[in-house]
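What you see below is based on every heavy atom in this structure, not just the backbone, and it leaves out hydrogens, waters and symmetry mates. Below, chains carry the letters A, B, ... as their sequence lines are ordered, and counting in each starts from 1.
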Amino acid sequence: MWEDRLARDLETALQAIPIIDPHSHIDPRRPTARHLDDILGYHYYTELAHSAGMDKAPLGPEIEPRERVRAILAHLDRLDNTTQNSWFVEIARTFLGFQGNRITAKDCDSLYDAAERLMAQPDWEDQVLRKSNLEKVFLTNDFDDPLDGFDTSRYVPCLRTDDLVFHLDKPEVRQRLTKATGIELGGPESVGQAITWLFQHFTNKGAKACAVSLPPYFWPEKLSSEDFSLHWTDLMNGRKEAMYFLTKGVFWLLAEHCRTFKLPFNIMTGVNRRVYRNGVYQGQDLFDQRTSLIEFAQLFNAFPEVTFPISVLSSGQNQELVSYSWIFPNVVTNGHWWYSNIPAYIEADCRARLQAVPKTKQIGYYSDAYKLEFVLPKYNMYRRILARILADDFVRPGIYTEEQAVEFARLLLRDNARRIFGV
Amino acid sequence: MWEDRLARDLETALQAIPIIDPHSHIDPRRPTARHLDDILGYHYYTELAHSAGMDKAPLGPEIEPRERVRAILAHLDRLDNTTQNSWFVEIARTFLGFQGNRITAKDCDSLYDAAERLMAQPDWEDQVLRKSNLEKVFLTNDFDDPLDGFDTSRYVPCLRTDDLVFHLDKPEVRQRLTKATGIELGGPESVGQAITWLFQHFTNKGAKACAVSLPPYFWPEKLSSEDFSLHWTDLMNGRKEAMYFLTKGVFWLLAEHCRTFKLPFNIMTGVNRRVYRNGVYQGQDLFDQRTSLIEFAQLFNAFPEVTFPISVLSSGQNQELVSYSWIFPNVVTNGHWWYSNIPAYIEADCRARLQAVPKTKQIGYYSDAYKLEFVLPKYNMYRRILARILADDFVRPGIYTEEQAVEFARLLLRDNARRIFGV
Amino acid sequence: MWEDRLARDLETALQAIPIIDPHSHIDPRRPTARHLDDILGYHYYTELAHSAGMDKAPLGPEIEPRERVRAILAHLDRLDNTTQNSWFVEIARTFLGFQGNRITAKDCDSLYDAAERLMAQPDWEDQVLRKSNLEKVFLTNDFDDPLDGFDTSRYVPCLRTDDLVFHLDKPEVRQRLTKATGIELGGPESVGQAITWLFQHFTNKGAKACAVSLPPYFWPEKLSSEDFSLHWTDLMNGRKEAMYFLTKGVFWLLAEHCRTFKLPFNIMTGVNRRVYRNGVYQGQDLFDQRTSLIEFAQLFNAFPEVTFPISVLSSGQNQELVSYSWIFPNVVTNGHWWYSNIPAYIEADCRARLQAVPKTKQIGYYSDAYKLEFVLPKYNMYRRILARILADDFVRPGIYTEEQAVEFARLLLRDNARRIFGV
């Protein structure tokens, strides 16, 4: 009686749409998991198990993968309510032949063995891609990634620039930059030359986006080239506090390069790093809800030619994002990021976007996955929610027919990403 | 099977309640549209079309209205998902005999001609009022509006004071003030005299509210008359920075006049002006979610005799508004404003108000319309949501009977506005 | 047709789970109401009636309780939409034999008489406890509460520390502290000694938690003992501004004592006191949505051994709480506090917690009640919402069976509180 047949039909139709996944951390040279540890080593599981009481010893590099898996599985009964756990169950059921609804330490060996056997198949990557209906997936590439050895039409490079914006004060980062570009970082103009070299290299290799994640306290501001020189000289003379301005200067340079090289600039805003100091790897960052896109107004105004796909971390910030995308031609909504990537928030945030942002200006979802196996359960979660909203807010009120609703979903899952990123 | 008959019955009952619309931008001397350009020229359409890729050329004053309409219609297929578009479709269906569910550039001529013909009927205004079941609608009047030439019992004047609060540093505003009141702006006391004159004039002409919209950075503070004099003298001597304090001083003067003249003081808080610098007319303003009503505590405490109907721009701010209205006798909730005026946010915000604010302290909705034709689709959107909440949260749980639920809605749609504004 | 049988079945199952209510203001020596004034004197009714137009005269100490009740009842027709009113109706129906759905001034005498008669029964307390299925309820004890004369295994003491943190500048607070502990407050070390004495006393008497409510502007910071001495000396010399640092110093001392005495430290954050200056007793406080748990990062990092059950006032802040509980092992979610304690916000906040926080790290609900009669309607509200979320988000999608869903609820209603507080 409570079955919503329309929503289910829409969900089925949505599953037939090939996905372009515009943000992940996939390693294109090793895109799938090789054993269960590659799945459960995902920070969502290590951080939740740790939060629920597991100490960090099983996460040490000296621990056998199978024993690490056993330790994490032994804690899942404390967090089997979480959406993150449901992704894992769906992976086990879809890819590993698991039958039940709950996975515990008792399943460790059978599941570990099954995974090892199945994932060793030579066509495993293809199987996963096919089952996931995944056409292309974007990467997150360090600036000194050679971008060699993989099919860049399937695994689309994306220049991740956090190191350039925030860590140029570190000698090792400057050395990496010099090594990658062959440009000695002397005067301030050399920074711009190195960045130009990187954009040239990345776009030559098929990169389709530039990306950065920003802390709540950062806001973009134009730095004059005189000021850039001044602060660069200060930094070279050991004055670390010059970084406050140089981050702004480098960020602005990147935006200028996005304009020149016609790359969208993906901005993920709101994350504080290392908040929980003793957290597990990648399980230390948290947000501050007190952010506003008003701090990006200068940027959006200065670069009308650059498209800014924006990811935010809170529902409060999402309401601003809806409004900023509705007004600024160059601002588009981008996925449901990290702490917002659970149904309660996806549903609220997605409904508002679907109702108020032009349909061509929404990139529906991305997996943020480290291994391809995660694309399927995460997208299924999104499609389920999307189908329900389309049923309730569009088809039943007569705004769209079912076919039109599916066309809308096709924009969100595939065609907007194609057009915006030019893939 | 998914039809909610109770919600539909309630919706029908709600449509029978005559509306008092307590905030609009209607020009009472030309309250309805004369052609389709008056409908699609509404900033919701120009800004969305522009955001979705239309350049601003078709919006120029030299462009034929029909061609401007054609240009906007040609972009609707990029935004036919939006609630704003659904208002337009409902106008076309209800008032212009349109039959379909989607309007495109192909419909331009037929729809334009139909509109021109229908809107030219001598009783068009009455038709629209009747179909909309609209009893009274509040205006937004400049302080120098003579308020002549219209029926102020139907079109209720409201003194809009943004110019007085924020722009007294502009000679043309001071000249307008002098011209309207006959009072030369010499010493600081002349400002108070001019404001008194305006309140006298407006209340004589049937004005029932004073209103202002405020930026996020503004908070009300009492300014002593000595300080007012000091800053006024500074301003007259060309020190623009005196405006920081004078805005507070004038605002406080307005609140004092609301007390004296027994007018509610409508406050719409949170909007930054000109954020998107190259946006279309009225499509440049955006909000900052980082506001708090705590900044109004001094005001609410100082004027217990003045009712403050408050409009906010974000759901986060709405939760504060619910709480402040629940505690302060002189704070009432007022409508669903601008970027919050889409179903996803109306529903969440309205549910919380309905559950926690005394029912006599809620002004349910206002159209914010520039032309009467928009009252109907906007109120229908609100009534549909309201009916569903009444069904789910009040009738089905047994808190209200259907009749009691309709009585509650009557307060929200009509009787609270009548009592609070004294119309 | 719209009946959700699964949700109703779950609700019934949830009602069979004995409650441990981890936060209330019950007076264990007089835990139940003696007359209707004890019910309607609850600040939720006095503040809402006042907000809806009742002046404060009926609240004066010289007014007969029956007449105060009559005055409040006479205003209920202005707020019978509120959730708070529905608690009252449920109390009247469950405990006082009332039959209708609305209570007005006409019901005053019959209801007042019924209440007086029923509440005078010698086993009233037991009746209420039994009907409410309440096993244990936590108290809010002043630091100088002797904790004598009641059954501390049913009424669990909790050391409330607001006075210590924020009001040590008041001579009467220092005198109360000296009187309670026998320790003269001389040098700064005497403050620590007095606090140690209190923790010893409270834990000896069965206290299971320490608690404090914090204003938005407060954030915890370690104060060195040298700085503590300095500021204490300043305070003793009449420099009130030393309190800014001493509040931080005392707060940190409390956290250290929680570590030593193994008590969870309940933090309720976000409330401004005395915002509405002329409000009724306990009806003057309001929140500022602009808070962030990032300000507690130093605390959470410094005390990994202390569990911090956190209560927040806004849905925006709840999204942070969900994320902080998901990451920090020592942060757990705690109930739905005050202005967030209405279905619209409980539902949104609870869904997010259920989906993303390990199930062992959530304390579902507390009554915050002043009289035992309120436990039942408030918990029923929560159980109704919880049952619906469990049905929609867990049982129907196949994540949990009905039995597993009820087990999850048992953690939220009882077992997590048992384990975390050690009762």
Side-chain angles (χ1 to χ4, degrees), chain A residues 1-7 289-295 297-298 300-302 304 314-320 322-332 347-362 389-394 396-401 404-405 408 411, chain B residues 1-4 43-44 47-56 75-86 89 101-102 216-217 272 274-280 283-291 313-319 338-348 381 384:
Chain A
M1 176 154 64
W2 277 77
E3 174 77 48
D4 182 346
R5 181 186 289 263
L6 171 61
Q289 60 154 336
R290 297 167 303 181
T291 51
S292 176
L293 292 178
I294 192 75
E295 303 199 331
Q298 188 189 140
F300 299 153
N301 277 305
S314 74
S315 262
Q317 190 62 104
N318 183 70
Q319 189 172 2
E320 280 193 3
V322 166
S323 305
Y324 281 67
S325 305
W326 147 358
I327 291 297
F328 276 102
N330 55 341
V331 175
V332 306
E347 186 177 320
D349 296 349
C350 183
R351 279 193 77 201
R353 294 181 191 180
L354 264 52
Q355 292 174 0
V357 178
K359 68 186 181 190
T360 52
K361 298 188 67 193
Q362 305 185 43
I389 300 173
L390 289 172
D392 285 342
D393 292 6
F394 290 86
R396 273 193 274 268
I399 290 170
Y400 280 162
T401 63
Q404 289 169 337
F408 187 9
L411 294 176
Chain B
M1 176 152 65
W2 277 76
E3 174 79 48
D4 182 346
H43 67 85
Y44 284 99
E47 75 201 14
L48 280 167
H50 176 58
S51 173
M54 187 183 80
D55 73 26
K56 291 192 291 179
H75 287 81
L76 289 193
D77 63 340
R78 303 183 187 186
L79 51 95
D80 54 26
N81 60 299
T82 61
T83 300
Q84 300 89 325
N85 184 69
S86 75
V89 174
N101 274 320
R102 273 193 176 182
Y217 56 81
N272 283 295
R274 300 213 352 94
V275 174
Y276 173 34
R277 300 259 159 172
N278 290 309
V280 305
Q284 309 185 352
D285 308 335
L286 281 161
F287 65 98
D288 182 331
Q289 61 154 336
R290 297 167 303 181
T291 52
L313 278 173
S314 74
S315 261
Q317 190 62 106
N318 182 70
Q319 189 171 3
W338 205 337
Y339 295 108
S340 284
N341 188 27
I342 59 166
Y345 296 119
I346 295 174
E347 186 176 319
M381 172 181 70
R384 203 170 305 128

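- When each of B:V89, B:D285, B:N278, B:D77 is scored by its heavy-atom pairs under 4.5 Å with chain A, the top score falls to B:D77.
- Only the side chain of A:F408 comes within contact range of chain B, with at least one heavy atom under 4.5 Å from a heavy atom of that chain.
- The choice from A:V322, A:N330, A:T401, A:L354 that makes the most heavy-atom pairs within less than 4.5 Å of chain B is A:L354.
- Below 30°, between 30° and 60°, or above 60°: for A:F300 and A:Y324 the angle between ring planes is above 60°, a perpendicular geometry.
- The aromatic rings of B:F287 and B:Y339 sit tilted relative to each other, their planes meeting at an angle between 30° and 60°.
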message: Quick one, B:D80 with A:Y400, criterion side-chain hydrogen bond (donor to acceptor under 3.5 Å, both in side chains). Give me CA distance, side-chain angles, the key distance, then yes/no.
response: CA-CA 9 Å; B:D80 54 26; A:Y400 280 162; 2.4 Å; yes

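- Neither the backbone nor the side chain of B:N85 comes within less than 4.5 Å of any heavy atom of chain A.
- With a 4.5 angstrom heavy-atom cutoff, B:Q319 does not touch chain A via any of its atoms.
- Only the side chain of B:N272 comes within contact range of chain A, judged by heavy atoms closer than 4.5 Å.
- Taking every heavy atom of both residues into account, A:Q362 and A:V357 meet most closely at NE2-O, 2.8 Å.
- Taking the six-membered ring for Trp and thresholds of 30 and 60 degrees, B:H43 and B:W338 have ring planes more than 60 degrees apart, a perpendicular arrangement.
- Residue contact with chain B, scored on non-hydrogen atoms closer than 4.5 Å, involves the backbone of A:S325 exclusively.
- The most heavy-atom pairs under 4.5 Å with chain A, out of B:I342, B:T83, B:L79, B:L286, come from B:L286.
- When each of B:Q317, B:R78, B:E47, B:R290 is checked for heavy-atom pairs under 4.5 Å with chain A, B:R290 comes out on top.
- With sequence neighbours left out, B:H75 forms a ring pair (Phe, Tyr, Trp, His ring centres under 6.0 Å) with no residue at all.
- Using a 4.5 Å cut-off between heavy atoms, A:K359 touches chain B through backbone and side chain atoms alike.
- Ranked by non-hydrogen atom pairs under 4.5 Å with chain A, the options B:G279, B:S315, B:G316 are led by B:S315.
- Both the backbone and the side chain of A:I327 have a heavy atom closer than 4.5 Å to some heavy atom of chain B.
- For the pair A:R353 and B:N81, the tightest heavy-atom approach, listed with the atom from each and the gap, is O-ND2, 4.3 Å.
- In this structure B:R384 satisfies the side-chain contact (heavy atoms from CB on, under 4.5 Å) test together with B:E11, B:E90, B:N380, sequence neighbours excluded.
- When each of A:A356, A:A405, A:A297 is scored by its heavy-atom pairs under 4.5 Å with chain B, the top score falls to A:A356.
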